[in-house]
Participant: 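First the structure, then my questions, so here it is.
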2 protein chains.
Amino acid sequence: MKYLIAFFSFFICAVPSFAQTDSVIMRNIADEILLRGTCYDDLHDLCKNIGNRLSGTKEAEKAVLWAKKKLEALHPDKVWLQPVTVPVWTRGKESLSIRYPGSGDFKNMNMLSLGNSQGTGGKPLTAEVVMVQDIEELKSLSEADAKGKIVFFNHRFPQELVNTFEGYGRTARYRSTAPNVASLKGAAGVIIRSVSTGMDDEPHTGAMRYADSVNKIPAVAIGNISADALEAACEKGTVTARLQSECTLNGTANSYNVIAEITGSEKPEEIVLVGGHLDSWDVGEGAHDDGAGITQAIEVISVLKALNLKPKRTIRAVLFMNEENGLRGGHAYADSAKARNEKHILAIESDAGGFSPRGFGTEMEPAQRQKIKQYAPLFFDYGVYHFDVEEGGADISPLHNVGVPAMALLPDPQRYFDYHHTHADVFEKVNHRELKLGAIVMAQMAYLIATHGL
Amino acid sequence: MKYLIAFFSFFICAVPSFAQTDSVIMRNIADEILLRGTCYDDLHDLCKNIGNRLSGTKEAEKAVLWAKKKLEALHPDKVWLQPVTVPVWTRGKESLSIRYPGSGDFKNMNMLSLGNSQGTGGKPLTAEVVMVQDIEELKSLSEADAKGKIVFFNHRFPQELVNTFEGYGRTARYRSTAPNVASLKGAAGVIIRSVSTGMDDEPHTGAMRYADSVNKIPAVAIGNISADALEAACEKGTVTARLQSECTLNGTANSYNVIAEITGSEKPEEIVLVGGHLDSWDVGEGAHDDGAGITQAIEVISVLKALNLKPKRTIRAVLFMNEENGLRGGHAYADSAKARNEKHILAIESDAGGFSPRGFGTEMEPAQRQKIKQYAPLFFDYGVYHFDVEEGGADISPLHNVGVPAMALLPDPQRYFDYHHTHADVFEKVNHRELKLGAIVMAQMAYLIATHGL
């Protein structure tokens with residue numbers, strides 16, 4: 001494509017009277033971040049010098065200190081660490097091999113144990129595979145069909161949905177449901193087709209949780225290519241799987257949320273929160289999930305300082321710990337806010353990847369949503385047009401549960417579930433301009449609400 | 001991000017009465033392509049088994065036969081080749097090395113000659129470098145400053161613009177202007193900072209054209225990292241460049257546009273065109289530019305056949321030859337349409353990369369644009385919301401110049417100019433769902449207009 005595109009600013013006529021000053025400040029925020037923003041460099045630093053950072057690991061603690069140092073270097077009004085007790089889950093060694101129908105040999109298959117899963121104690125678990133296509137078929141298995149077997153839960157991601165988060169919502173619930181149902185049927189283990197849009201063989205880990213009443217059977221994920229092969233094999237004849245894994249929960253450890261704020265000049269007691277989560281799974285580099293969100297939150301503080309913007313209300317960046325396998329940071333933050341009687345007027349979370357922003361989800365009263373939507377025309381030129389999704393964020397859900405309006409940055413969702421919770425979620429999968437645009441619109445929204453209230 | 005997103009379909013109330021049938025067909029098109037579409041596999045085949053395909057090369061001819069075969073396999077009503085005479089430009093060997101201030105040695109620098117540029121005849125051209133920041137500074141150079149020198153045209157891509165195509169429009173014009181102005185000043189050659197958003201060292205080639213009156217001095221591009229180094233060196237002291245290249249124009253060759261159509265059931269004489277260009281530059285794999293567009297155009301034919309949709313008006317896929325360095329295919333097509341007295345009611349081009357679609361640009365009468373915008377609510381759930389950019393496409397510009405309404409598929413523009421015309425424009429940079437979504441909305445739009453007219 002060769003020619004210049006000319007934009008028509010037809011939306012401007014619909015903007016309320018405060019728009020002119022606001023739109024200039026929004027433009028300044030965008031210029032500063034696109035030309036001199038550091039979130040992309042910060043993400044490189046985090047991904048390459050610390051890497052993945054599951055709660056309770058030394059990498060997570062390095063990430064805490066890294067974030068504190070980054071924020072302190074910006075000289076906001078306050079920076080502090082908030083204690084969080086996190087579960088400690090360790091993966092250890094793990095492997096899965098498959099004996100195909102009519103073959104004597106076991107062949108290795110890519111896999112990842114699901115987070116919080118119990119392993120096989122490092123010993124081989126060898127059993128026949130029984131395939132089911134969905135939860136109904138699993139529930140309808142007789143105990144004789146399932147007892148002692150390894151259930152292959154072959155539920156596919158609904159690729160036909162344009163909004164992959166809807167597909168994720170429909171599919172990811174079975175990461176916990178399938179192992180629990182299989183255990184109740186007497187199964188010895190579970191292999192699930194990954195919750196993945198990928199046309200590849202990446203296994204996707206992710207949290208599962210055992211019900212109190214069930215035996216904790218091992219649960220692992222395999223990539224789509226392996227799942228296709230396993231499906232074909234199960235249709236052909238008897239398949240045996242050999243699973244060996246050491247993963248286990250090992251009590252708790254001390255960790256922290258990392259928090260910084262620029263105190264409001266007129267109403268310091270009213271807080272606009274921007275955040276993401278500092279922890280990641282123990283594979284890849286946690287680049288999109290959620291290195292993106294936390295470097296964007298740091299960028300919000302950075303751009304306010306660079307432009308010497310002094311918001312009327314407090315803007316606070318919160319880098320939560322333990323979103324992935326416990327949400328302890330989100331709960332600790334909400335508990336602390338309650339104990340300190342803090343008034344949050346809005347909490348914005350970025351935890352859907354560092355892709356081009358397209359909207360903001362809102363979980364709030366209709367009148368508040370309407371007020372947010374007044375600003376929609378101001379965001380149009382930044383590619384953000386969609387304000388009609390009801391969505392907040394995991395870390396801010398404990399705040400929302402006690403009445404705080406919650407908001408999610410909604411980036412383009414097409415690529416996220418190719419990388420999510422995999423070895424492939426690395427820095428190289430993040431585009432510098434897309435990441436920065438997310439930071440821009442989050443800073444713009446935080447500044448608007450800190451200026452005008454909600 | 002963990003939770004389900006629920007969409008509000010608030011837009012539906014605004015849709016005209018034809019919407020219900022249309023929206024069902026649009027949904028069927030989306031399901032078919034997302035679940036069984038072949039554009040991503042086709043792109044893999046094109047990129048990996050043919051690769052880049054500059055007009056006049058044997059790879060371009062392979063691509064012609066490949067496309068014809070692909071289209072014939074879909075059994076549309078017609079498939080044919082339309083002759084196009086194309087220029088033949090060959091790159092040959094090329095190198096650039098730099099002697100930095102205070103150093104005796106020349107060090108190699110990544111580079112690509114600009115397309116259609118004349119080389120050094122394979123002999124070394126060694127000259128002092130004179131740096132200018134923009135076209136005004138170049139124009140203000142005295143002949144004494146420029147004569148016999150190699151001009152380094154250090155104009156930066158305006159990263160602060162959200163719409164990178166606007167930045168490209170402002171910058172790419174100098175690929176031709178700078179060499180011509182430098183030549184008039186007596187310069188011996190030109191090095192330009194690539195027209196690139198990339199934070200890397202990829203040089204970006206692209207077309208340049210000598211004015212009739214000037215000496216054809218060599219013109220080459222370097223990547224942003226090399227340009228930063230060269231800038232720093234020029235600020236420090238005397239820099240010498242040694243350029244050696246064999247590129248040259250070698251007359252013309254015979255080639256083809258590849259065309260397929262599904263003939264309209266009620267008004268076959270009215271044609272809705274969908275297209276992209278089959279040729280690429282001679283580096284990388286031409287994946288986004290424009291393998292994406294042509295595999296999407298093939299997908300439009302494919303989905304109509306798969307769903308047994310019989311459009312009232314003719315839908316024609318045109319895979320143009322020689323967009324990159326001549327636009328001969330676009331002219332040949334428009335000439336043929338005129339000679340055959342064909343009536344095109346709309347021409348849609350996809351040539352801005354295989355990224356998530358966000359809108360359609362329109363170059364047409366206001367009443368036609370208004371008619372197109374009536375359909376906007378139907379596209380909202382497919383991520384397409386922006387209909388207010390005045391944009392058509394290069395290949396369809398000769399048609400537009402004789403009155404045909406032109407339309408551009410507008411994907412998200414953030415990543416395109418990282419890869420455009422580089423070694424990095426390869427299949428792996430294309431996401432399967434993003435590519436398919438572009439094909440979906442192009443097929444939907446073509447079907448709507450073929451049904452309702454324009």
Side-chain angles (χ1 to χ4, degrees), chain A residues 1-11 30-31 34-35 40 159-166 168-170 172 197 199 207 289-290 323 349 351-353 355-356 358 361 380-383 385-386 388-394 397 408 410 412-416 418 431-434 437 440, chain B residues 1-11 30-31 34-35 40 159-166 168-170 172 197 199 207 289-290 323 349 351-353 355-356 358 361 380-383 385-386 388-394 397 408 410 412-416 418 431-434 437 440:
Chain A
M1 180 174 275
K2 286 182 163 174
Y3 298 111
L4 174 64
I5 291 173
F7 271 98
F8 289 80
S9 294
F10 77 104
F11 258 102
D31 287 351
L34 280 167
L35 291 172
Y40 187 67
Q159 289 276 17
E160 70 276 18
L161 296 174
V162 174
N163 178 14
T164 57
F165 280 86
E166 197 180 338
Y168 185 69
R170 286 193 200 173
T197 52
M199 296 177 75
D289 188 15
D290 185 26
E323 191 268 354
E349 181 153 4
D351 185 19
F355 308 101
S356 287
R358 309 194 69 161
F380 192 80
D381 283 349
Y382 301 95
Y385 65 97
H386 199 344
D388 289 284
V389 173
E390 192 169 329
E391 173 71 28
S397 61
L410 298 180
D412 191 289
Q414 300 310 320
R415 285 174 280 153
Y416 191 58
D418 282 11
N431 176 268
H432 58 114
R433 289 181 54 90
E434 294 187 346
L437 275 174
I440 286 166
Chain B
M1 181 175 275
K2 286 185 164 173
Y3 299 111
L4 174 66
I5 291 173
F7 271 97
F8 289 79
S9 294
F10 77 107
F11 259 102
D31 286 351
L34 280 168
L35 292 173
Y40 187 67
Q159 288 276 18
E160 71 277 16
L161 296 173
V162 174
N163 178 13
T164 57
F165 280 86
E166 195 180 341
Y168 185 69
R170 288 192 197 171
T197 52
M199 296 178 74
D289 187 14
D290 185 25
E323 190 268 355
E349 181 154 6
D351 183 19
F355 308 100
S356 287
R358 309 195 68 161
F380 192 81
D381 283 348
Y382 302 94
Y385 65 96
H386 199 345
D388 289 283
V389 172
E390 192 169 331
E391 173 71 28
S397 60
L410 298 181
D412 191 288
Q414 299 311 318
R415 286 174 281 155
Y416 192 58
D418 282 12
N431 175 268
H432 56 116
R433 290 181 53 90
E434 293 186 348
L437 276 174
I440 287 166

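Just so it is clear, the values below take in all heavy atoms, side chains as well, and ignore hydrogens, waters and symmetry mates. Each chain gets a letter, A, B and so on, in the order the sequences are listed, and its residues count up from 1.
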Participant: Using side chain to side chain contact (heavy atoms under 4.5 Å, CB included), reason through A:Asp381 and B:Val162 one step at a time and then give a plain yes or no.
Facilitator: CA-CA 7 Å; A:Asp381 283 349; B:Val162 174; over 6 Å; no
Participant: Chain B heavy atoms under 4.5 Å from A:Leu161: which part of the residue, side chain, backbone, both or neither?
Facilitator: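 Looking at A:Leu161, just its backbone touches chain B.
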Participant: Under 4.5 Å heavy-atom distance to chain A, tell me which part of B:Asp418 shows up: side chain, backbone, both or neither.
Facilitator: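 The answer is the side chain of B:Asp418.
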Participant: Answer with side chain, backbone, both or neither: which region of B:Phe355 has an atom nearer than 4.5 Å to a non-hydrogen atom of chain A?
Facilitator: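 The answer is neither part of B:Phe355.
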Participant: Applying salt bridge (charged side-chain N to carboxylate O under 4.0 Å, His left out), can you list everything that pairs with A:Asp31, at least two apart in sequence or on another chain?
Facilitator: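 A:Arg27.
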Participant: Taking only residues two or more places apart in sequence, or in another chain, which ones meet B:Arg358 in a salt bridge (charged side-chain N to carboxylate O under 4.0 Å, His left out)?
Facilitator: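 B:Arg358 satisfies salt bridge (charged side-chain N to carboxylate O under 4.0 Å, His left out) with B:Asp412 only.
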Participant: Please walk me through it: do B:His386 and A:Tyr385 pass side chain to side chain contact (heavy atoms under 4.5 Å, CB included)?
Facilitator: CA-CA 9 Å; B:His386 199 345; A:Tyr385 65 97; over 6 Å; no
Participant: Tell me, out of B:Met199, B:Arg415, B:Glu434, who's got the most heavy-atom pairs with chain A below 4.5 Å.
Facilitator: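 Option with the top pair count is B:Arg415.
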Participant: With rounding to the nearest 0.5 angstrom, report the CZ to OG1 distance, B:Arg433 to A:Thr197.
Facilitator: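 Between B:Arg433 CZ and A:Thr197 OG1, I get 6.0 Å after rounding to 0.5 Å.
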